[in-house]
Visitor: 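One structure coming up, written as structure tokens, with questions to follow.
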Amino acid sequence: MSENRGPLQGVRVVDVSSSYAAPTTSMYLGDMGADVIKVEPIWGDDARGWGPPFLNGEAAWFLSVNRNKKSLCLDIRSDKGREILFRLLETADVFIENLNPAKLEKHGLGLDGLRERFSHLVICAVSGFGLDGPDASLPGYDLIAQARSGLMSVTGVDDVPQRVSTALSDVAAGTVAAFAVASALVRQRTTGRGEIVDIALLEADLAFMAPRIAGFLAGGEEPRPCGGTDSVIAVYQSFPTADRSIVIALGNDRLWQRACRALGLHELAADQDLATNAQRRGRRSEVVEAFAGALAEMTSEMALKALQLAGVPCAPINYLSEVVADPQVVARQAIVEQHHPVAGRFQSVAAPWRLGSNEPREPRLPAPLLGQHGREILTEAGYDAAAMQDLVEAGVVWLP
């Protein structure tokens, strides 16, 4: 394990969230060097059951989003459980939660009350729809956010909306939340006061839709599922070759000329009525047909080589077996290996940033076992062995 701590060394995070979005936030803060206490219910984070695949009983999804954390099993619904949580918050810098606002109040964890009691604390609330508005109390998941944000309305083929098939909203919201929390910590260091960071999955997905929404509000047509093409840029899509599909992105008129020459489409390159993107959009079907015809006669290797030599952005559409072996991915150490005490060797995606070219990328800690660090955390909080046993017998904590 790496001993490198990162710029958030000395920051303490208490995280009572589960599933994937908010745990992404605490993982990224941990990757930046923060000490993260993951407070789980007695039965554990929901994501511990998200499988298969399981590695010796440990869910791969859970392992992928909970590195650099320590686990404490605590019933925060009970008075004694909240007493422990409040004791942890006294020395914490950040509190992360994704509970329904009504449940927060019910369990004595209303955000206004927490702000009054812990004025120094940066409180990050991750939810489906945010802390206010008519739908603030509704539950939210990735699928719901993709649907409500319009993301699904432009994704798919044959006018059939489709979900982007990964935890897109969760990772987006978690990443945005980590950025916002880190920014709030800068102000906390200056003023000594915290604040509430309000993150909604819906709004994270709206950020993905920003260019589409801006175009629509500027008078553009209502976009529909477009099968991987772009509504504005022509050409910006996938094409089949003789053996597999590739993608080509022609973001300006110079790239259009280069691509036409690389594929032998000299007549298109010379056609002044196709000189601008707006003109190509007006004749999109003709342009796409010409590109498809040329590429159908080439293997993907031939096409990609010709386009890359011409400086045209292009790529194969990789399967995951190819992604994890991609030379660029390998060279950048974008997949990191962890050694888990139960799961054994586990690989997952590294934090998507670099701070210094020589900093190691491997995690300091693998994802924790359920309640693995309970005794350590409670001892540090001032509880002795007898007090811990009383808490276990009362069902307030669970210690493995």
Side-chain angles (χ1 to χ4, degrees), residues 146 150-158 162 164-166 168 171-172 205 207-216 218 220-221 223-320 322-323 325-329 331-332 334 352:
Q146 288 200 35
L151 185 61
M152 288 179 64
S153 76
V154 299
T155 306
V157 294
D158 299 327
Q162 292 181 359
V164 178
S165 188
T166 187
L168 186 75
V171 175
D205 279 0
F208 284 123
M209 292 298 293
R212 290 299 189 95
I213 290 173
F216 172 71
E221 295 180 359
R224 313 293 295 181
C226 52
T229 65
D230 187 86
S231 63
V232 175
I233 302 173
V235 170
Y236 198 93
Q237 65 184 81
S238 64
F239 290 95
T241 67
D243 59 331
R244 64 184 296 175
S245 291
I246 66 171
V247 295
I248 301 174
L250 306 183
N252 60 50
D253 298 335
R254 296 184 303 279
L255 293 174
W256 160 255
Q257 291 290 330
R258 292 177 192 172
C260 288
R261 290 195 295 270
L263 298 178
L265 300 172
H266 301 293
E267 290 186 8
L268 288 185
D271 189 339
Q272 290 305 304
D273 290 334
L274 294 174
T276 69
N277 182 70
Q279 291 173 312
R280 294 190 291 276
R281 278 187 62 189
R283 295 167 59 184
R284 186 193 293 270
S285 60
E286 176 186 342
V287 169
V288 169
E289 183 179 355
F291 268 65
L295 290 164
E297 302 298 321
M298 308 171 73
T299 65
S300 58
E301 182 179 2
M302 292 168 55
L304 292 170
K305 184 175 181 180
L307 291 165
Q308 288 169 351
L309 285 173
V312 175
C314 59
I317 300 176
N318 283 344
Y319 293 96
L320 291 189
E322 297 169 305
V323 172
D326 186 303
Q328 183 68 14
V329 172
R332 294 277 296 174

Visitor: Is there a donor-acceptor pair under 3.5 Å between the side chain of Gln279 and the backbone N or O of Thr276?
Guide: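 Such a contact is found between Gln279 side chain and Thr276 backbone.
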
Visitor: Would you please test Tyr236 and Trp256 for ring pair (Phe, Tyr, Trp, His ring centres under 6.0 Å) and show each step?
Guide: CA-CA 11 Å; Tyr236 198 93; Trp256 160 255; over 10 Å; no

Visitor: Is it true that a side-chain atom of Asn277 and a backbone atom of Ala234 form a donor plus acceptor pair closer than 3.5 Å?
Guide: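 It does hold such a pair.
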
Visitor: So, Ser153 side chain and Gly150 main chain: donor-acceptor pair closer than 3.5 Å or not?
Guide: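 It does hold such a pair.
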
Visitor: Under 4.5 Å between any side-chain heavy atoms of Val287 and Arg284, yes or no?
Guide: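 Counting from C-beta outward, Val287 and Arg284 never come under 4.5 Å.
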
Visitor: Just how far is it from atom CD of Gln257 to atom CG of Leu265, taken to the nearest 0.5 Å?
Guide: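 Taking CD in Gln257 and CG in Leu265, the distance rounds to 11.0 Å.
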
Visitor: Between Leu263 and Leu268, is the side chain to side chain contact (heavy atoms under 4.5 Å, CB included) condition met? List the steps.
Guide: CA-CA 10 Å; Leu263 298 178; Leu268 288 185; over 6 Å; no

Visitor: Keeping the roles fixed (side chain from Arg280, backbone from Leu274), state whether a donor-acceptor pair exists under 3.5 Å.
Guide: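 Here the side-chain-to-backbone pair exists.
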
Visitor: Look up atom CG in Leu307 and atom CE in Met298, then write down how far apart they are to the nearest 0.5 Å.
Guide: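 The CG atom of Leu307 sits 7.0 Å away from the CE atom of Met298.
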
Visitor: Return the minimal non-hydrogen interatomic distance between Ala303 and Leu295, and the atom names on each side.
Guide: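 Of all heavy-atom pairs spanning Ala303 and Leu295, the closest is CB-CD2, 3.7 Å.
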
Visitor: Look at atom CD of Glu289 and say whether more than 12 heavy atoms of other residues, nucleotides or ligands are closer to it than 6.0 Å.
Guide: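 Not more than 12 within 6.0 Å, no.
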
Visitor: Side-chain contact test, heavy atoms from C-beta onward, threshold under 4.5 Å: evaluate it for Pro240 versus Ser245 and give yes or no.
Guide: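 Result yes, sub-4.5 Å side-chain heavy-atom pair found.
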
Visitor: Would the number of heavy atoms belonging to other residues, nucleotides or ligands and lying under 6.0 Å from CG of Leu309 be above 12?
Guide: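 Result for CG/Leu309: enclosed.
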
Visitor: Quick check: are there more than 12 heavy atoms from other residues, nucleotides or ligands sitting under 6.0 Å from CD of Glu301?
Guide: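 It does not: Glu301 CD has 12 such atoms or fewer within range.
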
Visitor: When you check the gap from the basic side-chain N to the acidic O, do Arg332 and Asp326 get nearer than 4.0 Å?
Guide: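 No, Arg332 and Asp326 are not salt-bridged.
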
Visitor: When you look at Val154 and Arg212, which way does the side chain to side chain contact (heavy atoms under 4.5 Å, CB included) test go after all the steps?
Guide: CA-CA 9 Å; Val154 299; Arg212 290 299 189 95; 3.2 Å; yes

Visitor: Taking the side chain as every heavy atom from C-beta outward, state whether Asp271 and Arg283 have any atom pair closer than 4.5 Å.
Guide: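 With C-beta onward as the side chain, the pair touches.
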
Visitor: Any heavy-atom pair between the side chains of Leu255 and Pro313 that's under 4.5 Å?
Guide: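 Pro313 vs Leu255: side chains touch.
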
Visitor: About how many Å separate CD1 of Ile233 and CZ of Arg281, when rounded to the nearest 0.5 Å?
Guide: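 With rounding to 0.5 Å, CZ (Arg281) is 10.0 Å from CD1 (Ile233).
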
Visitor: Any idea which heavy atoms bring Ala259 and Leu250 closest together, and the distance?
Guide: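 Looks like CB-CD2, 3.7 Å.
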
Visitor: Identify the two heavy atoms, one from Arg244 and one from Ile317, that lie closest to each other, and give their separation to 0.1 Å.
Guide: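 Heavy atoms only, the tightest pair is NH2-O, 2.9 Å.
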
Visitor: Taking all heavy atoms of Ala262 and all of Ala306, pick out the closest pair and write down the distance.
Guide: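 Shortest heavy-atom contact: CB-O, 3.7 Å.
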
Visitor: On a heavy-atom basis, which atom in Ala296 and which in Ala242 lie closest, and how many Å separate them?
Guide: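 Minimum heavy-atom separation between Ala296 and Ala242: O-CB, 3.8 Å.
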
Visitor: With no hydrogens and no angle check, is any side-chain donor or acceptor of Gln146 less than 3.5 Å from a backbone partner on Val164?
Guide: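 Flag set: sc Gln146 to bb Val164 pair under 3.5 Å.
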
Visitor: Indicate the atoms forming the closest heavy-atom contact of Phe208 with Leu168, along with that distance.
Guide: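 Phe208 and Leu168 have their closest heavy atoms at CE1-CG, 3.9 Å.
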
Visitor: Let me confirm one number: the SG-CG distance from Cys314 to Leu304, rounded to the nearest 0.5 Å.
Guide: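 Output value for this atom pair is 5.0 Å.
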
Visitor: I'd like to know if the side chain of Glu322 reaches the main chain of Tyr319, judged simply by a donor and an acceptor atom lying under 3.5 Å from each other, with no hydrogens or angles considered.
Guide: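 Yes; judged by distance alone, with no hydrogens or angles, the pair exists.
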
Visitor: Can you find a pair of side-chain heavy atoms, one from Gln162 and one from Met152, that are under 4.5 Å apart?
Guide: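 Not touching, per the 4.5 Å side-chain cut-off.
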
Visitor: What I want to check is whether the side chains of Thr299 and Asp243 have a donor and an acceptor closer together than 3.5 Å.
Guide: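 The criterion, which ignores hydrogens and geometry beyond distance, is not satisfied for Asp243 and Thr299.
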
Visitor: As an exercise, state the distance from CZ of Phe239 to CD1 of Ile248, rounded to the nearest 0.5 Å.
Guide: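 Taking CZ in Phe239 and CD1 in Ile248, the distance rounds to 5.5 Å.
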
Visitor: Is the shortest side-chain heavy-atom distance between Met302 and Thr241 below 4.5 Å?
Guide: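 Heavy-atom side-chain distance check fails, nothing below 4.5 Å.
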
